[in-house]
Amino acid sequence: MDMDAFFAAVEEQRHPELKGKPVVIGGSGDPTKRGVVATASYEARKYGIHSAMPLRTAHKLCPHAVFLPVDYEEYSRISAIIKNILRELSAVMEDVGIDEAFLDMSEYDTPPEEISGEIKKRILQETGITCSVGIAPNKLLAKIASDLQKPDGLTVITVDDIDSRIWPLAVRKLWGVGPKTEARLKELGVNTIGELASMTLDRLVEEFGESYGNFLHEASRGIDDSPLVTHWEPKSVSRETTFESDVSNWQTLAKTIADLAREVAGDIKQRGYKGRTVTLKLRFSDFRTLTRAKTLDEPTDSYETIRKTAFYCLQKIDLTGERIRLLGVRITGLTGPPA
Ligand code: TTP
Ligand code: MG
């Protein structure tokens, strides 16, 4: 599922007088200033305006377009409403970005066309804006399918459609093919996904290396086994405290470190993680900031261990005559929980 002209659609929804006009969202919304187009409404795209284009260029292409600044807060709010609808309709969702998500429908008896219709209806009802859905046996093909009949599209691609519907498309439509690869393939006379599929694996590996060569070989045939990523692993868990007034009292520092360590340990334990590196952060009254870290032999979620390690780090800092403004405890090198 991918929303249609997302930022522009949200703006049109809250300013209905914009509907049907060319609308360009980007930067501060002033096309005489620097900045690039975040997105353009389908009306504005008729003038050749697209994402990542300088606002000034967009202004030249369509001087009477309505230019608006980016309001991430509002787009995130609408995005959250949409993701909640999707979560209700499928237990397995990969949240890809502000306006797209993958849903795994393989365990459902209801035909995916029917659930897709429901998704489109609910999103329209609750936000007033349209989306496009692609149904396919894997993520690679679903992503392409979602783009084939925008806006307000619903496109089904099966393995039997690959040669007729995927192969004529430009290589750039393949997820994982960026402008550099596109340019290199063009030099080799390869413009479409079908032409890419006709290259031998050996040739692709020679040109792009083992891993990416293999990826291109499979992707051009519509092969993709990548699972949905249903949650993001946190990179670290941390807590910090800024004192109301700067502290030099050892007891207060010790108690604060213990409290922070307890919160960090509680947090990772609750989420089923263990971490290996404990970092203490310390900011002096003059804003000089230091960190000291220690990596343990074994991952831990133990409050005692995290607290002791944070103290060990504190002892590496010369506190003579210093006043402390902020203390923080962080744990990184997280592992688990089992998928
Ligand atoms: P997209 O889904 O790529 O674009 P879109 O929703 O505007 O249009 P489409 O109907 O073709 O899907 O991106 C979603 C939002 O992300 C888009 O509305 C604005 C933002 N965005 C940027 O800020 N910069 C960019 O370069 C792109 C591509 C998107
Ligand atoms: Mg979109």
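Count residues from 1 along the sequence. In what follows, every heavy atom counts, from backbone to side chain, and hydrogens, waters and symmetry copies are set aside. When a ligand or atom number is given, it counts from 1 through the structure's own listing order.
- Not less than 6.0 angstrom separates the ring centroid of F208 from the ring centroid of H217.
- Closest heavy-atom approach to atom 22 (C) of ligand 1 among the candidates S146, A52, A38, G97: A38.
- Proximity of M3 to ligand 1, defined as any heavy-atom pair under 4.0 Å, is confined to the backbone N, CA, C and O atoms.
- When only modelled atom types and interatomic distance are considered, T295 and T277 share a side-chain donor-acceptor pair under 3.5 Å.
- Side chain to side chain, R239 and T256 fail the donor-acceptor criterion of an N or O pair below 3.5 Å.
- Every atom of ligand 1 is numbered from 1 in the order shown, and the set under 4.0 Å from a heavy atom of F6 is 5 (P), 6 (O), 7 (O), 18 (O).
- Protein N/O/S atoms closer than 2.8 Å to the Mg ion (ligand 2): D2 OD1, M3 O, D99 OD2.
- Within ligand 1, counting atoms from 1 as listed, the ones closer than 4.0 Å to a heavy atom of Y42 are 9 (P), 10 (O), 11 (O).
- Protein heavy atom closest to atom 12 (O) of ligand 1, with residue, atom name and distance, is D2 OD1, 2.8 Å.
- Among the atoms of K150, some N or O lies under 3.5 angstrom from an N or O of ligand 1.
- In this structure, a donor-acceptor pair under 3.5 Å is present between the side chains of R283 and T289.
- Applying the 4.0 Å criterion to heavy atoms of T39 picks out, from ligand 1, the atoms 5 (P), 7 (O), 17 (C), 18 (O), 19 (C).
- The backbone N or O of L196 sits nowhere less than 3.5 Å from a side-chain atom of W167 that would complete a donor-acceptor pair.
- At a threshold of 4.0 Å, the pair D259-K255 counts as salt-bridged, since one of the basic side-chain nitrogens sits closer than that to a carboxylate oxygen.
- The nearest heavy-atom contact from the protein to atom 26 (O) of ligand 1 is S51 CB, 3.6 Å.
- Residues D202 and T200 bring no donor and acceptor atom of their side chains to less than 3.5 Å of each other.
- In this structure, R288 places its CZ atom where more than 12 heavy-atom neighbours from other residues, nucleotides or ligands lie under 6.0 Å away.
- Near R45, meaning under 4.0 Å from any of its heavy atoms, are these atoms of ligand 1: 5 (P), 7 (O), 8 (O), 9 (P), 10 (O), 11 (O).
- Per-atom contact check: atom 24 (N) of ligand 1 touches the protein, criterion being a heavy-atom distance below 4.0 Å.
- F215 and Y212 have parallel rings, their planes meeting at less than 30° on a 0 to 90° scale where 60° marks the start of perpendicular.
- Side-chain atoms of S226 and D224 form a donor-acceptor pair, as typed in the model, at a separation below 3.5 Å.
- Where the criterion is an N or O separation shorter than 3.5 Å, residue side chain and backbone included, D99 meets it with respect to ligand 1.
- Taking SG of C313 as the reference point, atom CZ of R330 lies at 11.0 Å (rounded to 0.5 Å).
- Heavy-atom proximity to A5, at under 4.0 Å, picks out these atoms of ligand 1: 5 (P), 6 (O), 7 (O), 8 (O), 9 (P), 10 (O).
- The number of heavy-atom neighbours closer than 6.0 Å to CD of E17, taken from other residues, nucleotides and ligands shown, is above 12.
- Residue F7 has at least one N or O atom closer than 3.5 Å to an N or O atom of ligand 1.
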